[in-house]
Structures are given as structure tokens and as C-alpha cells.
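Encoded as C-alpha cells, the structure appears first; notes follow it.
Keep in mind that what you see is a predicted model, and the values were worked out from it rather than measured. Counting convention: from 1, in listed order, for ligands and their atoms alike.
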Amino acid sequence: MKRVLVTGACGQIGSELVIRLGKLLGNGNVLATDIKRAPDILKKHGNFTYLNVLDSHMFAKEVVDFEADAIFHMAAILSASGEKDPQLAYQVNMTGLMNALEVSRRKGVQMLITPSSIAVYGPDAPKLQTVEDAPLNPTTMYGVTKVAGEKLLQYYHIKYGLDTRSLRYPGIISAETPPGGGTTDFAVDLYWHALRGKPYSCFVKEDAALPFMYMPDAIKAIIDLAKAPAERLHRRVYNVHAMSLTAGDIVASIRNHIPDFRVEYRPDYRQEIADSWPASLNDAPAREDWRWRPDFGLEAMTRDMLDRIKRKLSD
Ligand code: SER
């Protein structure tokens with residue numbers, strides 16, 4: 001991995017991933033792409049170009065011109081937005097991935113890495129310590145595209161020898177770029193409302209547990225998986241887990257710092273999505289194969305989130 005192209009670089013994960021990859025490989029070796037305008041965090045980053053992942057010709061041209069040997073394909077529509085427009089979610093998530101796979105195969109890209117999600121599971125999967133090979137019967141279009149995407153990665157690996165890699169992320173909590181259209185977005189909203197001194201109306205129940213991870217761990221996970229020697233990997237897709245949290249857990253942790261933070265719970269259609277997902281994942285294969293370990297628990301994450309958001313609000 002020497003020259004990488006990142007799709008969805010303006011997104012919650014993409015924007016921080018580009019910065020980290022720039023530090024690792026040199027900014028000149030990272031091409032950030034998206035259909036959106038670059039957020040503040042990316043403004044100073046050298047290489048940014050418009051790329052619509054649905055346009056296979058544009059995709060191939062950027063890969064060839066940049067001489068990319070790896071693609072981090074981060075562009076996707078998340079679960080809640082996907083339920084508002086399932087056909088668009090299908091198009092962006094499936095055609096976008098198919099274009100990424102085809103451009104990799106045809107233009108000699110060595111590695112394609114792309115996130116999967118806890119959304120691959122449905123109501124029939126065990127709720128706790130869910131393993132990779134548990135039943136995959138998602139009830140969202142987002143989940144359906146992630147299951148199909150995982151299978152496509154496996155297919156391209158078997159059929160064409162492409163080095164495809166993926167990890168099932170839990171909900172990601174971060175302070176830099178807001179998430180958009182996910183079911184787990186409430187976790188990020190809680191911190192911003194608390195620091196702005198505003199009450200929050202939470203769209204999931206107080207006691208519904210979901211798997212979460214703090215952004216520095218999410219970035220570490222995808223980079224460590226990308227850097228892992230191919231011979232150590234026994235699968236294409238790995239679960240990664242950090243902490244199982246309810247909205248109530250996050251609120252309690254925020255109230256240790258901001259005691260008068262007020263929250264009311266008004267579950268909407270996103271509660272049903274949350275109910276269909278596990279509360280915790282078993283990530284033993286990632287721990288074994290590429291020594292995955294999260295650094296952040298709830299308290300350390302809350303302290304860091306509050307510090308970062310405070311700095312952003314005073315800028
Ligand atoms: N955070 C994502 C979502 O809520 C799950 O992958 O859609």
C-alpha cells in the first residue's frame with residue numbers, strides 16, 4: 001500500500017481516515033475523493049478531487065491518473081437514510097462497490113478495503129457476542145447491501161485473486177465530521193447537545209444497547225487491517241468491537257461532566273432498526289489474526305469528545 005484513493009472522503013470516517021493515511025504514507029500519496037465539498041478538516045489536505053463512484057469511467061480515470069495501488073471505498077448511504085430511499089441506497093452501495101471492484105480488477109489495484117457493518121445482522125442473530133458466521137438476515141436495505149457487498153468481496157478474491165478486506169464496524173462516535181443518516185447518530189448528537197446547553201430528544205429508547213467504537217479506534221482498525229500481511233488473514237470480513245452502550249449509558253457518562261444535561265426519549269422508526277441489530281459482537285478472529293484491540297472505553301471517549309467539541313465550539 002503506497003498510493004491510495006479514498007472514496008467518501010468527506011464522510012464521518014473518510015475525513016479522518018484521509019488525515020491518518022496522509023501521515024502514514026505522505027499527503028502526496030493519498031487522493032481524497034467525494035461528490036461533496038471538502039469539510040474543514042480536509043481543506044489543508046493536498047489532493048482532493050470530485051469523484052462520483054457511480055461513474056465507472058471517472059472512477060477508472062482517477063485510479064489510473066493517480067496510479068493508486070489501494071482503494072479505501074468509504075462512500076455509502078447509511079441505514080436510516082437507506083430506509084427513506086431504499087432504491088438510492090441500493091444504487092450507491094451496490095453499484096458504487098461493483099465499480100470499485102471492477103476498477104481494481106481491471107486497473108491493477110492490489111487491495112480494496114471497504115467497511116461492512118453490524119447492520120448485516122437481523123433479528124434472528126444472537127444479540128450478545130455475535131460471531132461473524134451468525135445468520136445474516138438484515139431487515140434494512142443498508143444491511144442487505146452490506147451482506148451482498150461482503151459476498152462480492154469474497155467472490156472477487158476467489159475468482160480474480162483481488163486482495164479484498166472488510167470489517168464490520170459498530171456505531172462510530174466522533175467529534176470532527178458529523179455522521180449522516182445512520183441509526184447510531186444519536187450517540188454523536190448527545191455530546192453536541194450537551195455542550196451547547198440544549199436538551200436532546202433521543203430517537204431511540206434509553207435502555208437499547210448497541211455496539212459502539214470511538215473514532216481513533218475505528219481508524220486504527222481499518223489501517224491495521226489494511227497493513228496486515230495477507231498470509232495472516234483467514235477471512236475477508238472481520239467483526240470489530242469496542243463497547244456495548246445504551247443511550248442511557250452515554251447520557252450518564254456525559255452527566256458526570258455536565259450534570260444538568262436534559263434528555264427525553266422519543267423512539268421513532270430508527271428504534272426498530274436498532275432492535276434488529278446485536279448489542280455486542282465477538283471479534284476474536286480480528287484479535288487473533290491482526291491483533292485488533294480497542295484503546296477507548298466509555299469514560300475516556302467522553303472526556304476526549306467533550307474536549308474536542310469544546311475546542312470546536314470556541315473556534
Ligand atoms: N452507524 C451505521 C448506521 O447507523 C451502522 O453501520 O447506519
TODO: Can you measure from OG1 (T49) to CZ (F66) and round to the nearest 0.5 angstrom?
DONE: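 Nearest 0.5 Å value for the OG1-CZ distance: 10.5 Å.
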Can you see which heavy atom on [X] is nearest to which on [Y], and at what distance?
{"X": "T183", "Y": "S79", "answer": "OG1-OG, 2.7 Å"}
{"X": "G82", "Y": "A89", "answer": "CA-CB, 3.8 Å"}
{"X": "F59", "Y": "G96", "answer": "CE1-O, 4.1 Å"}

Open item on the list: Hydrogens and angles aside, do N239 and Y121 bring a side-chain donor and acceptor to less than 3.5 Å of each other?
Closed with: yes
Open item on the list: Any donor-acceptor pair under 3.5 Å linking the side-chain atoms of S116 with those of E150?
Closed with: yes
Open item on the list: Please output the residues near ligand 1 using a strict heavy-atom distance under 4.0 Å, listed in chain and residue-number order.
Closed with: L78, S79, S117, Y142, G182, T183, T184, W277
